[in-house]
J.: 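Pasting a structure here, questions to come.
Note on naming: letters A, B, ... go to the chains in the order of the sequence lines (proteins, then strands), and numbering restarts at 1 for each one. Small disclaimer: the values here were computed from a predicted structure and weren't measured. Values below: all heavy atoms of this structure, side chains included; hydrogens, waters and symmetry mates excluded.
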Number of protein chains: 2
Amino acid sequence: MLRGEITDAIRQAVMQELAAVGYGRLSIEAVARRAGVGKTAIYRRWSSKLEMVLEIVSRVAGQSLPLPDTGTLQGDLEILLRIVARALRHPLASQIIPDLLAEAARNPRIAQTLQESLRVNQRDVGNQVIGRAVDRGELPPGTDPDAAVDLIVGPIYWRLAVARTPLPDDHLPRMAASVASALGAGPPTGPGRSAAADGAATLPTPR
Amino acid sequence: MLRGEITDAIRQAVMQELAAVGYGRLSIEAVARRAGVGKTAIYRRWSSKLEMVLEIVSRVAGQSLPLPDTGTLQGDLEILLRIVARALRHPLASQIIPDLLAEAARNPRIAQTLQESLRVNQRDVGNQVIGRAVDRGELPPGTDPDAAVDLIVGPIYWRLAVARTPLPDDHLPRMAASVASALGAGPPTGPGRSAAADGAATLPTPR
DNA sequence: GTACGTCGGGACGCAACCGTACCGTCGTCG
DNA sequence: CGACGACGGTACGGTTGCGTCCCGACGTAC
């Protein structure tokens, strides 16, 4: 009964409006205006601004992405960084993602939805890359996946979404190499260290 | 003539309101309400919401922080991470910082003010730590300070401000070790590098 | 004691938006 | 061809905020 083209127009308008003014100032009327649609059409589909945004965003964020196995930690990282970089360079995403993350710190519903949408793509991808590297012997078995995700995604996110400094394409391999090194030396977790890089052991580590 | 206690109360209220609802939804009336103050008192001090927030935030963000020289890259990093972690754990800061960063992507005035306020503390601190490490021979001379900042601040920021996963105190040294390793192996920057940091020379990065 | 200026508070006109209701139109299904 | 339902548009009452103005109450400096 509801015409799909209208729904699509609304979805698109919500994303644009979200990027333009943020969730805090997003108004139904502005969305309707931008979509060339009556408010009625929106309220016929969603019950409130929050429900609308959650449904639309989670649909976009929930898309699964293919992650090829390159056979090398370095190669996997490079592809991973490239994917994240492309996403964060998207003009809409680069505005919407930080905005929703900030809003999530304040609104449990948003936080929960984002986390659920991203869990599949984030946690699984992280575990997958780390797991494969461990199997290959490139990383020690005790490697903490959570800490690994911090080291992988943190730098690229900071660069593109926080500092917003342009990142030349040829820097991605360097960053991948740095991250790979960080992962190798990183978590001297528990006993039974493997043979792989343990440069950290030579550094005096207080507490 | 303007009573300082009133100004302080307003400043405090702005920070709390900023944390509670974000910049987008911050209203002068709510600030006045929270501060127990008339709107008049606010408009007597600042001309608009934007000017008010910019002045108050830049005053807080502009505080210089002491950065002791521990004599080791690992030690410097650990202290640095500890400082950043403490800041990001602050209940007000942890809400306000991501919010303003998201808003900065949208409002040039905010972006400029934040950048100016943080330039002293961020760029200088980064350059200082890296420079000292290079002098000690812990890092290769060509190390790119910008890339280094990404690697240092990115993971801790992601962990605390984005993923908002609790970070046990004893993880900081491990993270510092990882970051140190990343910095060391990181920039295999081109051939025949000169001594002083000239990362810009190899980068097609205008300005 | 008088004059000044800030104080909180209230009221102003204006604007935007909420969520709902009611139009007349138009496409589609039966 | 007729009924149905979604469509864009408009209007509604109510709320919130803006930025300004005015008021009486203090407190202080002179």
J.: Enter the distance from Met52(A):CE to Arg11(A):CZ here, rounded to the nearest 0.5 Å.
T.: 11.0 Å
J.: Whole Å only: how far is the CD1 atom of Ile6(A) from the C1' atom of dG5(D)?
T.: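 Value for this atom pair: 14 Å.
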J.: Base contacts versus sugar-phosphate-only contacts with protein, heavy atoms under 4.0 Å: please encode nucleotides 21-30 of chain C as B, S and - from 5' to 3'.
T.: B---------
J.: Taking atom types as modelled, find out whether Thr7(B) and Arg45(B) have a side-chain donor-acceptor pair closer than 3.5 angstrom.
T.: yes
J.: Within this structure, what is the CG-CZ distance for the pair Leu151(B) and Arg159(A), rounded to the nearest 0.5 Å?
T.: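 Result: 9.5 Å between the selected atoms.
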J.: Looking at Arg25(A) and Glu103(B), is there a salt bridge between them, counting it only when a charged N and a carboxylate O are closer than 4.0 Å?
T.: yes
J.: Hey, is Arg174(B) close enough to Asp144(A) for a salt bridge, meaning N to O under 4.0 Å?
T.: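 The answer is no: the pair does not qualify as a salt bridge.
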J.: Glu5(B) CD to dC26(D) C1': how many Å, rounded?
T.: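 My rounded result for the distance is 13 Å.
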J.: In whole Å, I'd like the distance from the CZ atom of Arg45(B) to the P atom of dT6(C).
T.: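 The distance from CZ of Arg45(B) to P of dT6(C) comes to 9 Å, rounded to the nearest Å.
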J.: Please state how far atom CD1 in Ile10(A) lies from atom C1' in dC7(D), giving the value in whole angstrom units.
T.: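 That distance rounds to 11 Å.
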J.: Do Arg136(B) and Asp69(B) meet the salt-bridge criterion of a basic N to acidic O distance under 4.0 Å?
T.: yes
J.: Quick one: which protein N/O atoms are closer than 3.5 Å to N/O atoms of nucleotides 15-18 of chain C? Pair and distance per line, please.
T.:
{"residue": "dC17(C)", "atom": "OP2", "partner": "Arg33(A)", "partner atom": "NH2", "Å": "3.0"}
{"residue": "dC18(C)", "atom": "OP1", "partner": "Ile28(A)", "partner atom": "N", "Å": "2.7"}
{"residue": "dC18(C)", "atom": "OP2", "partner": "Ile28(A)", "partner atom": "N", "Å": "3.2"}
{"residue": "dC18(C)", "atom": "OP2", "partner": "Glu29(A)", "partner atom": "N", "Å": "3.1"}

J.: Under a plain distance cut-off of 3.5 Å, with no hydrogens placed, do Ser181(B) and Ser181(A) share a side-chain donor-acceptor pair?
T.: yes
J.: Roughly, in whole Å, what's the span from CD1 in Ile42(B) to P in dG9(C)?
T.: 12 Å
J.: Between Asp169(A) and Arg89(A), does at least one N-O distance fall below 4.0 Å, as a salt bridge requires?
T.: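 Looking at Asp169(A) and Arg89(A), the cut-off is met.
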